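Here is the structure we will look at.
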Number of protein chains: 2
Amino acid sequence: MLINELSKITGITAHTIRFYEKSGLIKGKRDETVKSNNYFHYDDETVEKLELIRDAKSVGFTISEIGELMDAWYNNKITVEEKVAVLDEKLISIDERIKQLKQMKKMISQFKKDVIEDNC
Amino acid sequence: MLINELSKITGITAHTIRFYEKSGLIKGKRDETVKSNNYFHYDDETVEKLELIRDAKSVGFTISEIGELMDAWYNNKITVEEKVAVLDEKLISIDERIKQLKQMKKMISQFKKDVIEDNC
DNA sequence: TACAAGTATAGACTATACTCTAATGTTGTA
DNA sequence: TACAACATTAGAGTATAGTCTATACTTGTA
């Protein structure tokens, strides 16, 4: 598929998709048999990748972290050990974030309690 | 205390503290009895606020969200209902983030399992 | 008193992650 | 065939959150 279809399927603008391509997160292929243009063609794996990018971004991963994560999953040039190491690192950072969020939740709940008790 | 002491206590640079002041997150007081300078003076509440800013930032809150949160806690110009509304909103967004993080954790765990099973 | 250290303000610079514009060329349909 | 819609690249612009520099004045200590 071409960029516009990819954009429609994922809900990510063509501009942003090109930005991700330049950032090395996804890679379109050019059809060598067609000489009249140099349009990029994308496959279903790219759709998957863009969905992963969106999910990972929503939990606070940066572009470069997402790059590492996708390399660990899609790139066959790195070893199993290296892949597992990257994935473990991400799992640890997620656990830390969950822990911090729970602390923040506790703090805000206490704020709320204090606000209600002091003023009613 | 002056900005340098505040910086030492909190571990936040004077530059960043001034940035937070310009952003409206904290507010120093000027000593009207001193005419020779216009140094800002900070109290313990500012130390508390800077610690809250650091914690809230670490879980992904933006400066403006932190501003709302601190208004709900420190500002007596808004009603109890408004404060509770802001705090509830933050609690909901934290729960959403935790939910998303748990999903991401599940996905990465599955990646890891697949990587190990397919390659060993 | 000299001078190092501290303070304030304005504004320039950086990094991340887009977002948009301009210029130019290609494709598909009335 | 005209022309709207789509594609590419380069590069400019935006927002967020700092980070740093320059300039100028003040304070504390040898």
Side-chain angles (χ1 to χ4, degrees), chain A residues 1-43 46-47 49-70 93 97 100, chain B residues 1-43 46-47 49-70 93 97 100:
Chain A
M1 73 189 80
L2 297 179
I3 198 161
N4 212 28
E5 197 183 338
L6 182 60
S7 170
K8 270 169 196 152
I9 290 173
T10 60
I12 296 169
T13 68
H15 276 304
T16 301
I17 291 170
R18 291 209 178 94
F19 170 73
Y20 290 152
E21 179 128 32
K22 264 206 285 186
S23 305
L25 294 188
I26 59 164
K27 222 149 209 27
K29 283 173 198 71
R30 262 149 181 171
D31 187 342
E32 299 297 333
T33 63
V34 177
K35 299 285 176 196
S36 60
N37 71 41
N38 56 345
Y39 291 1
F40 282 114
H41 294 261
Y42 301 95
D43 53 17
T46 308
V47 174
K49 281 184 181 179
L50 286 175
E51 280 158 3
L52 175 56
I53 292 169
R54 187 173 33 206
D55 290 348
K57 266 179 43 60
S58 82
V59 301
F61 282 121
T62 64
I63 295 290
S64 75
E65 284 176 315
I66 295 169
E68 288 182 84
L69 185 57
M70 294 206 307
S93 86
R97 272 179 231 188
Q100 285 179 317
Chain B
M1 75 189 79
L2 298 178
I3 198 162
N4 212 27
E5 197 183 339
L6 182 59
S7 170
K8 270 168 196 154
I9 290 173
T10 60
I12 296 168
T13 68
H15 276 304
T16 301
I17 290 170
R18 292 208 178 96
F19 170 73
Y20 291 151
E21 178 126 34
K22 265 206 288 187
S23 306
L25 294 188
I26 59 162
K27 223 152 207 26
K29 284 171 198 75
R30 263 150 180 169
D31 187 341
E32 300 296 333
T33 62
V34 178
K35 299 285 177 199
S36 59
N37 69 43
N38 56 346
Y39 291 1
F40 282 115
H41 295 261
Y42 301 96
D43 53 17
T46 307
V47 175
K49 282 185 180 179
L50 286 175
E51 279 158 2
L52 175 56
I53 291 169
R54 188 173 33 207
D55 290 348
K57 265 179 44 57
S58 82
V59 300
F61 282 121
T62 64
I63 294 289
S64 77
E65 283 175 315
I66 295 168
E68 288 182 85
L69 185 59
M70 294 206 308
S93 84
R97 273 179 232 189
Q100 285 179 317

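Quick note on labels: first sequence line is chain A, next is B, and so on, each numbered from 1. Worth saying up front: this structure is predicted, and the values here are computed from it rather than measured.
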**Request:** Output the distance between atom CG (B:Leu6) and atom CG (B:Leu50), rounded to the nearest 0.5 Å.
**Result:** 5.0 Å
**Message:** Does B:Arg18 qualify as a cation-pi partner of B:Phe40, given the criterion of NZ or CZ under 6.0 Å from the six-membered ring centre and within 45 degrees of its axis?
**Reply:** no
**Asked** CG/B:Leu52 to CD1/B:Ile26 distance, rounded to the nearest 0.5 angstrom?
**Response** 12.5 Å
**Message:** At a heavy-atom distance below 4.0 Å, what parts of residues 30-38 of chain B sit against DNA chain D?
**Reply:** B:Ser36, B:Asn37
**Message:** Would you say that B:Met1 contacts B:Ile9 through its side chain, given a criterion of any heavy-atom pair below 4.5 Å between the two side chains?
**Reply:** yes
**Prompt:** Considering only heavy atoms, which members of residues 2-22 of chain A lie under 4.0 Å from some atom of DNA chain C?
**Reply:** A:His15, A:Thr16, A:Phe19, A:Tyr20
**Request:** Determine whether B:Glu51 and B:Val47 make a side-chain contact, defined as any pair of heavy atoms from C-beta on separated by less than 4.5 Å.
**Result:** yes
**Request:** Look up atom OH in A:Tyr42 and atom NZ in A:Lys49, then write down how far apart they are to the nearest 0.5 Å.
**Result:** 11.5 Å
**Request:** Nearest-nucleotide wise, let me know which of A:Ile63 and B:His41 is further upstream toward the 5' end of DNA chain C.
**Result:** B:His41
**Item:** Exercise: identify the closest heavy-atom pair between A:Val59 and A:Arg97
**Value:** O-NH1, 2.8 Å
**Distance, rounded to the nearest Å, where A:Arg54 contributes CZ and C:dC18 contributes C1'** = 16 Å
**Request:** Taking all non-hydrogen atoms of both residues into account, name the closest pair between B:His41 and B:Asp31 and its distance.
**Result:** NE2-CB, 3.9 Å
**Message:** Does any part of the side chain of A:Ile63, heavy atoms only, come nearer than 4.5 Å to the side chain of A:Tyr20, both counted from C-beta?
**Reply:** yes
**Asked** For DNA chain D, whose closest nucleotide is more 5', that of B:Phe61 or that of B:Tyr39?
**Response** B:Phe61
**Fill in**
Under a 4.0 Å heavy-atom criterion, DNA chain D is touched by chain A from D:dC6 to D:dT9
**Asked** Could you go step by step and tell me if A:Asp43 and A:Thr46 meet the side-chain hydrogen bond (donor to acceptor under 3.5 Å, both in side chains) rule?
**Response** CA-CA 5 Å; A:Asp43 53 17; A:Thr46 308; 2.9 Å; yes
